[in-house]
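Chain A is the first sequence line, chain B the second, and so forth, proteins listed ahead of strands; every chain is numbered from 1. On a predicted model such as this, the values are computed, not experimentally measured, just so you know.
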Amino acid sequence: MQKISIDRIGEKLVRRLAGHTSRRGILSRLGLALAAAPVFPVLPVSRANAQGKPDRGDRARTHFTMNSQSKDDTKCDYWRYCGVDGNLCSCCGGGPHTCPAGAKASTTSWVGTCVNPDDNKTYLIAYRDCCGKPGCGQCHCDNQDRDTQLYVPQTNNDIIWCFGLDNMQYHCSTAALVGAVQ
Amino acid sequence: MQKISIDRIGEKLVRRLAGHTSRRGILSRLGLALAAAPVFPVLPVSRANAQGKPDRGDRARTHFTMNSQSKDDTKCDYWRYCGVDGNLCSCCGGGPHTCPAGAKASTTSWVGTCVNPDDNKTYLIAYRDCCGKPGCGQCHCDNQDRDTQLYVPQTNNDIIWCFGLDNMQYHCSTAALVGAVQ
Amino acid sequence: MLKSAKIRVVAIAALVMAPGMASGQTNGIASPLQHVSPTGAVTIPQAEVPSVSTLDAVQPHWVFVNRGNGQDGTRIFDGDTGKMKGMVNMYGQDSFAFDPLGKNFYVAQTLWTKQDRGTRQDVLLAYDVTSLKLVSEIPIPGRMLIGNRTHNLVITADGKKALIYNMQPSSSVNVVDLEKRTFDSKIELPGCATMFTNRLNGFSALCSNGTLATVAMNGGKPVITRSAPFFNATEDPIFDTSVIDPKTGKLTLVSYSGLITPVELGAAPKIGASWSLQQAAFMRKGTYTAMDVNWMPGGRQPIAVHHATGRIYVLMHMGEYWSEYEPALEIWVLNGNTHKLIQRHALGGELKGKLINIAVSQDANPQVYASDGSGNTFVLDAQTMEKKQKMEDSGGGILYTVQP
Amino acid sequence: MLKSAKIRVVAIAALVMAPGMASGQTNGIASPLQHVSPTGAVTIPQAEVPSVSTLDAVQPHWVFVNRGNGQDGTRIFDGDTGKMKGMVNMYGQDSFAFDPLGKNFYVAQTLWTKQDRGTRQDVLLAYDVTSLKLVSEIPIPGRMLIGNRTHNLVITADGKKALIYNMQPSSSVNVVDLEKRTFDSKIELPGCATMFTNRLNGFSALCSNGTLATVAMNGGKPVITRSAPFFNATEDPIFDTSVIDPKTGKLTLVSYSGLITPVELGAAPKIGASWSLQQAAFMRKGTYTAMDVNWMPGGRQPIAVHHATGRIYVLMHMGEYWSEYEPALEIWVLNGNTHKLIQRHALGGELKGKLINIAVSQDANPQVYASDGSGNTFVLDAQTMEKKQKMEDSGGGILYTVQP
């Protein structure tokens, strides 16, 4: 499998974001984007920077995706939950991308790339926690596809993803569809 | 079984306690005694006021006392625990009348009258909670001998008996021997 | 157009990688971006934005399960589907109450600023029944810390006052004005607890000397009157989770030995004659005598009443004196008006010897709810006691159904 | 004489009855006093006064079990007896660390003043190891909220600084001066986390680009250097519960696929050659390839090292790629110096397919500790893996043993 350089994509992106600000300024701004973006941030990049084959095929074949279903979003094996760790908001009075009443939706998330068994395509999923209430306690799932450790936080599902909220008490996790990976 | 009037004993006791204070003053003082007494308060009364047979014999025969033991104070059936509800401090790093390290001993208690199988005598037990730490979680017992409801608080074992302490978080319960009932 | 437009994105993963990039290392190691989007492009057919749900109007078949068994919060379940509808935030020994006006869920709460240290804070909270948002937080000068009680926070029949039981350790009631949203007054209530609101916007309470105290709240200084003694508070206590019909002010009191005492609350409560559960079931009356086995009511919340029909549901076990919290082997159904047994239901399978709390919905097609204190709440058919739903990890405490 | 004197008393019960008496009712109902002491007299052979225990010096065979499974607090158990010795107060995502000087237990804590609302409070707490009393509470400007991590609160080798990982969401380390008991400084640590103290009183951390960052703390501005990349942080991550020997600064890192990488920490860490757990066991090397089954390390805390002998204990299961948290079917014991398998131990009974955390005592007669995340912690014989003790309701999180 051909390797591509994240750094080259990243550099252009960072430069665009950064304008004339200092390195320190860039970092802060990136931090800010994570914490304050009201919707999952999506940023345009030049396709020319990206090479390699799409994220389907054998890389998408995990134990989870080979056993997932698309009918019941209150079950741990629902396809979007390939990287979820926590209580499913769908079991707590909310929905796959809806917090239960009284909870607050985090503006940040970790991400997963999950395969929808209906079209065999890979989608980008944003796991946003719902916060400010005691743990829901229903439908606890701990799926592990592409779950990294703390030093790669954006795909770590143990972190309390309630950044930017007044209270970070964990209630449940949603799994919003953000995009289809080509 | 002959009934005796608690009120007559009580009145004399209250008068002695009260001196010349008002009714309101008496109530406050009684409340204070409950909350602030460093040791279980013992107050003299005239024996002449009390009649009736001792609290042994058939009244002491409960399911608990007929099955209790005197060897292992980390078991729910240890004789002193006839009225205990909670985690035994003996299982939490403390002892039957000792709080685990870092906990605070309540100065108030609910009471039980339990039969020691070694001498078949009835003893007055003060159940003092140890407080200010998360629930110990070990050796949970819920014995019910003479357990009353909230409107008779002195023998109710569901109350958090941490009155008088800065923090009333429940950790575990002790069972101190206070006296032998004649 | 935006929703379905095919736009090119990189995900947040790229952003967090920035520090790594900035160090200038091109190490050839695959990055998360590669898996997020190796082409650097993502199609967004319909980007889902976060939202927050609201609660439907409270339904008769909803059961509210109080915290316990290691779980905080009062969970709301739909008894028809077994699904969780939402949660009212609660902790430790917090108390829950419905609003007769249907606007709020009330919680009497005690917290310390630093959990096991810091400043104690006693408050009455009002949560909106639809948004479950906190709409009001009223400081009070203290409250009783005890779990699993149904009558330590009660709301007067007109919905204007909250009554919060306190013991510090002398016994009193803190009154909150729900219209002004302020603490109103403290009523001394020596020797009594377990409050039942009456239709006169006052309340009654059970007392240690076997009487019922009635507190008239008519604007002036509260007046307390006491009934004649009618029960034995230490030998045969009345469970303080006994049941009131808030619409009629009718109490159904049950004692450890199995005596049912009906009471009609009012300025001068009418205390009816006690009758025996066991005698209604053609058995010897329950006693509070040592070494005497009988069927006995038991559990933390051993009795439920369907007010419209007067049907009484009781958790029963075989036990001796002082077995008042033993879980049930049977559920007995009785007619509270005729004092006759309707049916005994032996509990089987995972229900046998487990249930300690019982409640019933108040509609014409009632459901029975029962829980085992270990996180499982069951929905039972009120006719057959057949298990219809099982809700796991539901909490371990008292069950509440709305009074319609 | 007082202790054994026969004196006449009434118990507190009489006091609480006072309100009832004052109402002037003589109702003939038996009172609690009657049962407390019907004669009005009590013999006090030896009145037991309340006391508070202290903790013995921390023993090598004590295991510290972090909160979880619905229980707060870190419980301390004696592995020889299975008995609980005490508890360190902890909640939610609080972090725990030993003091190299042996005086304190440290807890990095985050609380809100009103639990689910109010003001956030981030602090470093020091508890005295004997009294378990809180001796110091130092405010810090934030910390990372994540459970079950062993390297988010670490103490420098000289015991003078506490390092608390933070992400808000940019990555940094808050440094606390433990001598002055104040917050000292913030170190930016972009792209890295999981801190290992070195003997130079600085620390190293794992980074998302597969490097090890080393932070020199020599009084002035901290200097960060980075190693060459040596692991794949997204394809084959190193478990961030990997193990350090704080005395020698030797790291034993284990990756999802089963690669062990030894590292000698220092100003310029020496990163050793990786070797394969599976190859050591005469099997095909673990891969991170889809649809390829192998024995894999797994769990929340999958590896333990007995530093004196270099023995490595790993929780192993049969699984595919991305099965890194699966509970163990076997415990593998390897020689970390020779990279050779010593023994495979199949887990049976209640241990089979349950264990997710493992630790080992550091004395010459080691015990293995393992837990299932559902409240059960087991003491195992380090030679035979025979079950010696079972501690129920012990908590559900990370296990700690003291480094003697």
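- D/Gln109 and D/Asp94 share a donor-acceptor pair across their side chains, judged by distance under 3.5 Å alone.
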Inset, instruction - Tell me, with the steps shown, if A/Trp79 and A/Val115 meet side chain to side chain contact (heavy atoms under 4.5 Å, CB included). - result: CA-CA 7 Å; A/Trp79 71 274; A/Val115 176; 5.9 Å; no
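- Of the listed residues (D/Glu320, D/Lys114, D/Met144, D/Gln93), the one with the most heavy-atom contacts under 4.5 Å to chain A is D/Glu320.
- Interface remark: of the candidates A/Asn156, A/Asp166, A/Asp158, A/Asp158 forms the most heavy-atom pairs closer than 4.5 Å to chain D.
- Side-chain contact check for D/Ser371 and D/Asn357: at least one donor-acceptor pair (N or O, by modelled atom type) lies under 3.5 Å.
- Among D/His151, D/Arg300, D/Gln115, the residue making the largest number of heavy-atom pairs under 4.5 Å with chain A is D/Arg300.
- A side-chain hydrogen bond (donor to acceptor under 3.5 Å, both in side chains) with A/Ser173 is found for one member of A/Asp85, A/Asn87, A/Asp129 and no other, namely A/Asp129.
- Using bins of under 30°, 30° to 60° and over 60° for the plane-to-plane angle, the ring pair D/Tyr256/D/Trp322 lands in the perpendicular bin.
- In this structure, the portion of D/Asn152 lying under 4.5 Å from any heavy atom of chain A is its side chain and not its backbone.
- In summary, the side chains of A/Asp73 and A/Tyr81 do not present any donor paired with an acceptor at a separation below 3.5 Å, with no hydrogens or angles considered.
- Donor-acceptor pairing under 3.5 Å is recorded for the side chains of A/Thr155 and A/Thr148.
- Under a 4.0 Å N-O distance rule, the pair A/Arg61/D/Asp292 does not qualify as a salt bridge.
- When the heavy atoms of residues 118-125 of chain D are compared with those of chain A, the residues falling under 4.5 Å are D/Arg120, listed by number.
- Interface remark: D/Ile238 contributes backbone and side-chain atoms alike to the contact with chain A (heavy atom separation under 4.5 Å).
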